[in-house]
Amino acid sequence: MGRRRENRWQPPEHPEVERPHAYSLSDDARGPDVCHAVTPLPVWAWVQFPTFHVRVKAFAKSWTRDAVLVEWAQFGQHAEAWVWRSAVKHRVLRTERVHRTPLGAPD
């Protein structure tokens with residue numbers, strides 16, 4: 001009979017990699033007269049990173065004529081960036097869940 005080795009499997013070790021940060025517009029690009037939302041509005045936003053773009057479920061916190069400050073969850077952490085207004089679209093939050101019963105089940 002063979003002997004079972006202890007600690008046969010160990011997870012691979014990976015060095016902690018710094019997560020990429022989204023690009024944010026400069027003060028000059030976003031413009032003056034910032035309006036702040038009392039309650040952040042749900043939006044879809046295209047966010048640019050150093051090597052890719054991604055569409056995120058976000059909330060609009062502030063805006064100007066040209067730009068919107070959006071916040072979202074990125075890798076489990078809070079993130080925010082100023083993006084061009086044309087990169088943002090409204091979205092609707094689901095307020096009700098439809099409860100469906102299987103066919104033939106009692107109500």
Side-chain angles (χ1 to χ4, degrees):
M1 272 280 192
R3 230 176 37 182
R4 183 178 173 104
R5 294 182 299 182
E6 291 185 32
N7 299 324
R8 182 187 315 194
W9 182 86
Q10 293 181 349
E13 294 182 20
H14 297 287
E16 188 60 34
V17 178
E18 185 173 336
R19 304 288 187 180
H21 295 283
Y23 288 133
S24 188
L25 297 174
S26 67
D27 293 341
D28 292 336
R30 65 179 173 241
D33 301 327
V34 177
C35 296
H36 301 285
V38 174
T39 302
L41 304 171
V43 296
W44 287 103
W46 282 101
V47 180
Q48 182 178 357
F49 288 86
T51 57
F52 61 95
H53 295 79
V54 66
R55 188 177 186 209
V56 297
K57 286 182 179 180
F59 289 91
K61 291 176 48 176
S62 303
W63 53 85
T64 65
R65 288 182 56 201
D66 299 323
V68 179
L69 176 62
V70 294
E71 67 177 355
W72 71 98
Q74 172 185 334
F75 307 115
Q77 296 181 353
H78 173 265
E80 66 180 27
W82 281 95
V83 297
W84 293 115
R85 183 174 218 132
S86 61
V88 177
K89 301 289 182 211
H90 291 278
R91 71 181 168 95
V92 178
L93 295 177
R94 291 186 187 178
T95 55
E96 284 186 27
R97 288 192 170 220
V98 177
H99 178 66
R100 297 183 182 176
T101 58
L103 293 176
D107 289 333

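- Taking hydrophobic clusters as Ile, Leu, Val, Met, Phe, Trp and Tyr residues chained together by side-chain heavy-atom distances below 4.5 Å, Leu41 shares a cluster with Val88.
- Minimum interatomic distance between Ser62 and Trp82 (heavy atoms only, all atoms of both residues): CB-CH2, 3.9 Å.
- Within a 6.0 Å sphere centred on NE2 of His78, other residues, nucleotides and ligands contribute more than 12 heavy atoms.
- Atom CG of Asp28 and atom CG of Asp66 lie 12.0 Å apart (nearest 0.5 Å).
- At distances below 3.5 Å, not a single donor-acceptor pair connects side-chain atoms of Arg65 with backbone N or O atoms of Arg85.
- Summarising the geometry, atom CD belonging to Gln74 is positioned 7.5 Å from atom NE2 belonging to His21; distances are rounded to the nearest 0.5 Å.
- No continuous path of ILVMFWY side-chain contacts below 4.5 Å connects Trp46 to Val70, so the two sit in separate hydrophobic clusters.
- Clustering ILVMFWY residues whenever any of their side-chain heavy atoms sit less than 4.5 angstrom apart, transitively, puts Val56 in the very cluster that holds Val68.
- The hydrophobic cluster containing Val43 also contains Trp63, counting ILVMFWY residues as joined when their side-chain heavy atoms lie under 4.5 angstrom apart, directly or transitively.
- For the atom pair CZ of Phe59 and CD of Glu80, the computed distance is 14.0 Å after rounding to the nearest 0.5 Å.
- Between Gly31 and Thr64, the shortest heavy-atom distance links the atoms O-CG2, 3.7 Å.
- Scanning all heavy atoms of the two residues, the minimum distance from Ala37 to Ala60 falls at CB-O, 4.0 Å.
- A distance of 13.5 Å separates NZ in Lys89 from CH2 in Trp44, rounded to the nearest 0.5 Å.
- In this structure, Val54 is a member of the same hydrophobic cluster as Trp72, with clusters built from ILVMFWY side-chain heavy atoms closer than 4.5 Å.
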